[in-house]
Novice: 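I'd like to ask you about the structure that follows.
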Amino acid sequence: MSPHPLDAETTATPTAPDDTGALAAPDGAEIPEPTAAERIGSVLTATSSVVVRACGEQHELTTPVSVHGSRLRLRAPLDAPVTVAAAREQDGLPVVLDLTDIAPVAVRDRVRGRLTLAGRLHLAHLADDGLSVHLRLDVAHAVLSTPYGTTAITGADLAAAAPDPLARYEAGLLTHLADDHPDAVLLLTRLLDPALLAERPAVRPLALDRYGLVLRLDHPDGHRDVRLVFPEPARDADEFGHRVHQLISAAEQALPVRHP
C-alpha cells in the first residue's frame with residue numbers, strides 16, 4: 001500500500017508569517033485563496049447529496065455532482081418526483097438546489113457554508129442500471145453564504161472557475177491530519193501570531209485547498225479561523241503532503257512573527 005501523502009518526508013522551504021496570523025504571500029502580495037466561483041465548484045464536487053426545490057416541493061437526492069462548466073450532472077431514481085417533472089418540461093424544469101458544506105473534522109459550528117443554485121433541470125439519459133437517470137442542471141446563478149459573507153455568481157463565472165485538484169480528497173486528507181497527526185497540527189501553530197494562542201485554544205484543521213490549509217482555533221467563547229499559505233499551490237494530493245511538510249519544517253525552525 002502506498003504511504004499517505006502526509007506520511008511522506010520532503011525537503012522544506014520556510015515561509016515567514018505575517019501579523020494577521022496567516023502566512024504571508026511572497027513579496028507582500030495578497031494572500032492567495034480560492035475565488036467564490038472556485039469555492040462553489042469545490043463544494044459541488046465534494047457533495048454527496050442535494051435538496052432540489054421545484055413545483056412548490058422539495059426533494060433530497062443522494063447523488064454525487066459532476067461539474068462541467070456551468071452545467072451540473074446529477075443522478076436520481078427513475079420514479080423520483082423531480083425526474084417525472086423534468087421529463088415533462090421540454091425547456092427544462094425551473095429548480096433551486098440547496099447544499100450545505102460541512103467540515104469533515106469535528107469542530108464547533110461545522111457548517112462552513114450554504115450554497116444555493118438556480119437554473120433549469122433537464123432529463124439527460126437513462127443510467128446503466130436502468131433504475132435511475134442522469135439529470136443536467138444548467139446553472140443560471142449561485143449564492144454562497146459563509147460566516148464571513150455572502151457572494152453571488154453567474155453560470156458564466158462558474159464555467160470560468162478553475163477546479164481545485166484537492167476538492168475530492170479534502171475530507172480524507174483533513175481527517176487523516178486531525179486523527180493521525182495531531183502533534184503536527186499543534187506544531188503548525190508556531191507559525192501563528194502568539195497573541196492568537198494566548199487563551200490556549202483547541203486547534204483543528206478546518207479546510208484545505210490548493211493554496212493552503214485553514215486551522216480552526218476554538219476558544220471557550222468563540223472561534224477564529226486562520227489560513228496557512230503553501231509556498232506554492234498543490235497540484236494533487238501528493239503535493240499537498242509535501243506542502244504540509246514544508247509548513248511543518250518552517251514551524252520546527254520557529255520562524256519569528258514579524259511585527260510593525
Side-chain angles (χ1 to χ4, degrees), residues 34 36-106 109-147 150-175 207-209:
E38 290 171 344
R39 173 77 189 281
I40 287 172
S42 294
V43 172
L44 290 167
T45 297
T47 195
S48 59
S49 66
V50 301
V51 173
V52 182
R53 288 186 275 153
C55 305
E57 300 179 350
Q58 63 179 38
H59 308 278
E60 183 170 358
L61 296 179
T62 300
T63 174
V65 175
S66 56
V67 182
H68 307 275
S70 62
R71 292 182 170 181
L72 311 181
R73 183 64 59 87
L74 303 85
R75 190 165 175 157
L78 188 60
D79 59 352
V82 68
T83 301
V84 176
R88 290 197 299 257
E89 298 290 337
Q90 185 175 0
D91 296 327
L93 176 68
V95 299
V96 173
L97 264 61
D98 296 313
L99 298 86
T100 303
D101 178 26
I102 300 176
V105 174
D109 300 326
R110 289 182 70 173
V111 175
R112 300 184 299 189
R114 299 186 188 277
L115 174 60
T116 299
L117 306 100
R120 289 188 172 272
L121 193 66
H122 301 263
L123 187 62
H125 58 82
L126 188 67
D128 292 339
D129 61 8
L131 301 175
S132 58
V133 296
H134 292 286
L135 301 172
R136 187 189 81 237
L137 177 69
D138 295 334
V139 178
H141 60 267
V143 177
L144 177 64
S145 297
T146 73
T150 299
T151 306
I153 69 167
T154 65
D157 295 328
L158 181 61
D164 193 291
L166 301 182
R168 292 187 183 277
Y169 312 108
E170 184 194 25
L173 291 170
L174 283 176
T175 53
L208 63 86
D209 51 66

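The chain is numbered in sequence order, starting from 1.
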Novice: Which atom pair, heavy atoms only, marks the closest approach of Leu158 to Gly69?
Specialist: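 Of all heavy-atom pairs spanning Leu158 and Gly69, the closest is CG-O, 3.6 Å.
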Novice: If you measure from CG on Leu137 to OG on Ser70, what distance do you get to the nearest 0.5 Å?
Specialist: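 The distance works out to 9.0 Å.
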Novice: Which pair of heavy atoms, one from Leu144 and one from Ala36, lies closest together, and at what distance?
Specialist: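 Of all heavy-atom pairs spanning Leu144 and Ala36, the closest is CD2-O, 4.5 Å.
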Novice: If you take all heavy atoms of Val67 and Gly41, which pair is closest and at what distance?
Specialist: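 So the minimum-distance heavy-atom pair works out to CG2-O, 4.2 Å.
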Novice: Could you tell me whether a side-chain N or O of Glu170 sits under 3.5 Å from a main-chain N or O of Leu208, the two making a donor and an acceptor?
Specialist: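 A pair under 3.5 Å: yes.
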Novice: Does anything in residues 113-130 pair up under salt bridge (charged side-chain N to carboxylate O under 4.0 Å, His left out), and if so which pairs, sequence neighbours excluded?
Specialist: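 Qualifying pairs: Arg75-Asp129.
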Novice: Once salt bridge (charged side-chain N to carboxylate O under 4.0 Å, His left out) is applied, what residue pairs with a partner in residues 136-145 remain, sequence neighbours excluded?
Specialist: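 Matches after skipping sequence neighbours: Arg71-Asp138, Arg136-Asp138.
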Novice: Locate the shortest heavy-atom distance separating Ala37 from Asp157; write the atom from each residue and the value.
Specialist: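 So the minimum-distance heavy-atom pair works out to CB-O, 3.6 Å.
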Novice: So how far is it from Leu131 CG to Leu126 CG, rounded to the nearest 0.5 Å?
Specialist: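 The distance works out to 8.5 Å.
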Novice: Find the distance between CD1 (Ile153) and CD1 (Ile40) and round it off to the nearest 0.5 Å.
Specialist: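 Here the interatomic distance stands at 3.5 Å.
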Novice: What distance separates Leu72 CG from Ser66 OG, expressed to the nearest 0.5 Å?
Specialist: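 Going from CG on Leu72 over to OG on Ser66, the span is 7.5 Å.
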Novice: For the atom pair CG (Leu78) and OG1 (Thr83), what is the distance rounded to the nearest 0.5 Å?
Specialist: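 If we round to the nearest 0.5 Å, Leu78:CG and Thr83:OG1 are 7.0 Å apart.
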Novice: Quick one: are Thr151 and Val143 in side-chain contact, heavy atoms under 4.5 Å?
Specialist: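 The answer is no, as the side chains (C-beta and beyond) never meet within the 4.5 Å cut-off.
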Novice: Quick check: do Glu38 and Asp209 have side-chain heavy atoms less than 4.5 Å from each other?
Specialist: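 Not touching, per the 4.5 Å side-chain cut-off.
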Novice: Under the criterion side chain to side chain contact (heavy atoms under 4.5 Å, CB included), which of Leu97, Asp98, Val51 is the partner of Thr116?
Specialist: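 With Thr116 as partner, Leu97, Asp98, Val51 yield a single side chain to side chain contact (heavy atoms under 4.5 Å, CB included), made by Asp98.
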Novice: Do Thr175 and Val105 have side chains that get closer than 4.5 Å, going by heavy atoms?
Specialist: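 Answer yes - side chains close enough.
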Novice: Say you draw a straight line from CG of Asp101 to OG of Ser42; how long is it, rounded to the nearest 0.5 Å?
Specialist: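 Asp101 atom CG to Ser42 atom OG measures 9.0 Å (nearest 0.5 Å).
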Novice: May I ask you to decide if Ala103's main-chain N or O and Arg110's side chain share a donor-acceptor pair within less than 3.5 Å?
Specialist: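 Here the side-chain-to-backbone pair exists.
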Novice: Among all residues two or more places apart in sequence or in another chain, which pass the ring pair (Phe, Tyr, Trp, His ring centres under 6.0 Å) test with His68?
Specialist: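 Residues passing ring pair (Phe, Tyr, Trp, His ring centres under 6.0 Å) with His68: none at all.
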